[in-house]
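Notes for the one structure printed next.
By convention in this document, chain letters (A, B, ...) are assigned in the order of the sequence lines, proteins followed by strands, and residues within each chain are numbered from 1.
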2 protein chains.
Amino acid sequence: MRKPVTLRDVAILAKVSTSTASRALTGDPRILPSTKARVIDAVAKLNYLPNRIASSLRSKSTGIIGIAINNLDNYTFRTIFEHVGIQASKNSLLVLLVTTDGDPSREAQFLDTARELQLDGVILAGTGKNAEKINLLVEKGFSVVITNRSVPQASAPTIIPDYELSCRLATEHLTALGHKNIAFIGGLNEYQSGWENFAGYSRALESAGLNVSEELVIRGDYNRNFGPLAAKFVEKLYNKNKVTAVVIANHEAAHELLLHLLNHGIEIPENLSVICVEDSPLIEFWNPAITAIDVQPKFLAETAFNSLLSQRTNSLNGNATASEVSLVKIRPKLINRGSTRNP
Amino acid sequence: MRKPVTLRDVAILAKVSTSTASRALTGDPRILPSTKARVIDAVAKLNYLPNRIASSLRSKSTGIIGIAINNLDNYTFRTIFEHVGIQASKNSLLVLLVTTDGDPSREAQFLDTARELQLDGVILAGTGKNAEKINLLVEKGFSVVITNRSVPQASAPTIIPDYELSCRLATEHLTALGHKNIAFIGGLNEYQSGWENFAGYSRALESAGLNVSEELVIRGDYNRNFGPLAAKFVEKLYNKNKVTAVVIANHEAAHELLLHLLNHGIEIPENLSVICVEDSPLIEFWNPAITAIDVQPKFLAETAFNSLLSQRTNSLNGNATASEVSLVKIRPKLINRGSTRNP
DNA sequence: ATGAAAGCGCTAACAC
DNA sequence: GTGTTAGCGCTTTCAT
């Protein structure tokens, strides 16, 4: 790398001190317009760009926030990242993205990196683990926000969908249509979304005077290995005439399940009503389009980002309290696409 | 932010100088095992993590590479990013991602940022513009690789799919089945992929003794506004019995087009044979699954990353030549999913 | 094998 | 309003 142009070069050319040059470029109000112009001119002549590494070291602010998410294939994650990026860009912040594949140890590594790189903030939309590392980060004065999936014991503000409500809405939509035999495809109890989703399903059935039947429920991990199991499970129930509708609250399994129904001639909604929790293009453009519960990833991202910003503002003002709000649950919305009907 | 633990604290606790502490942690071979152990011990006791901003400033290496891509919704882009990330992770590099929405000015801004942040490398899979900024970066000694879409006049190694071949394969697949009236949905001439794709289509027709008919060709921008136009175009041709097969070489339009065919009862492949350039889950899981030309985004990413690495190695060795290879074209592969048949 | 000292490029404190 | 000085936390000479 050839000798780079530094602020010193600019200062010399503009015949000012480096501090004046720095002030002119960072918009210090007390600099004389004429000297500022000279500096700007020198910058242009030399094609100077500030070394942000040096600037960050001194000013203790990198202008970079980090985000750790499981992957970018899942539409909810991707949308969260997209809108964090949009907000960041609006606030002149850069985003360092790390995908973890849901592996807590990779997320833990990211949390160390965040500390090493002195990131201005960290958003976690991830594994739901690593409470100790998160708390350490918070203790050290870093701004942290958890979103999409809560982390038990973590002392950072958390912005998540109201999963219970999402499955309640989905199930109520079906009971309102007159369904009595509603299967549930969900996640495991170890995840908050897993048990909240199931709770919402159960509660909606209760309100409709129906019982939860173990026979109609299958729950597995949030990865695609679970898809084929869930698919065969539903197919069997259908063949035995035990089910008229299904709530898919495990997005990772949704795809395989829909494909399986298609290949076995089980028509939606003629033979089976289907509703998915978490929207995605695959569901939207399925044939037929699938009714979904939108968990509002965009709003999630924006809320999380704003929480991060307010933490930053507070800490810049020497305010000790990280944030006033510790938990926000976002209201999901039903998008009716006609993949359900009377049983 | 409370007072952070620095290398100095570690050194004091380990009763060595900061230089020794630094050497112990960076794996300098001449440090005595016993002193190294003391340093490691102090690190653990203090829960020390190095400040990489400071380290980067001094060592002139950030361990971060940047990548600019249009968006993450397009499967090819997403896969490129995914595999750049995997390679980076294997080489202990972080990835700063900026999405540009195909806007050259946003990409230009990213190129400035890359310079400001002293990034260890830059991968562009993007707009196909900004040759001057790219060349400036190269001149300044930065490692740059262009992938997915070439940039005319840019002096950085370029790794792209062989677009001409991809459309030739697609079209030959159809002529071999006996199709004589093959429509072409493509990109504009201003993009290399746009004219190369068309050239491949034309060449394949020629080889089969067929003429290119203007009537069967529509080309538009790589964004979703073009989709509906292309869709109606094909529908009209079909209704006039002027077409038996279509090559979709504009991925942004593919989706709308397929949906339009579906909604107008034009069945694939019974009524119309369809083949798409660029694979994606949407095409793979369409009903029926669509035969595709895989442009090998994974291989693209890996090749681009390796090129970046070799540039870095060269420049660390004070080697002037940026790279020996200036252009690599990757061979596409046909994935037959049965969405084509005899006319 | 280790320490002392210099300095990466910038911004903040303190002068005036 | 501007210059002088110091120093962010680390790595790298240059000593020994």
side-chain N/O B:Thr6 vs D:dG9 OP1/OP2, d < 4.0 Å: no
Presence of A:Lys60 side-chain N/O under 4.0 Å of C:dA12 phosphate oxygens OP1/OP2: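 Checking A:Lys60 against C:dA12: no side-chain N or O falls below 4.0 Å of OP1 or OP2.
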Exercise: do A:Asn71 and A:Thr99 side chains pair donor with acceptor under 3.5 Å: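 No, no side-chain donor-acceptor pair sits under 3.5 Å.
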Heavy atoms of other groups near A:Phe77 CZ, more than 12 under 6.0 Å: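 More than 12 within 6.0 Å, yes.
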CA sep, side-chain torsions, deciding dist, call: B:Ile123, B:Thr147, side-chain contact (heavy atoms from CB on, under 4.5 Å): CA-CA 7 Å; B:Ile123 295 180; B:Thr147 188; 3.9 Å; yes
Does anything in [range] reach DNA chain C, meaning a heavy atom under 4.0 Å, and if so which residues?
range	answer
residues 10-20 of chain A	A:Ser19
residues 27-46 of chain A	none
residues 51-58 of chain B	B:Leu57, B:Arg58

Cation-pi check, A:Arg149 onto A:Tyr191 ring (under 6.0 Å, within 45° of axis): yes
Quick check against the 3.5 Å criterion: does [X] have a side-chain atom that pairs as donor or acceptor with the backbone of [Y]?
X	Y	value
A:Asp103	A:Ser105	yes
B:Asp28	B:Arg30	yes
B:Thr303	B:Phe299	yes

Rounded distance (nearest 0.5 Å) linking atom OG of B:Ser61 with atom CG of B:Asp120: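 Result: 3.5 Å between the selected atoms.
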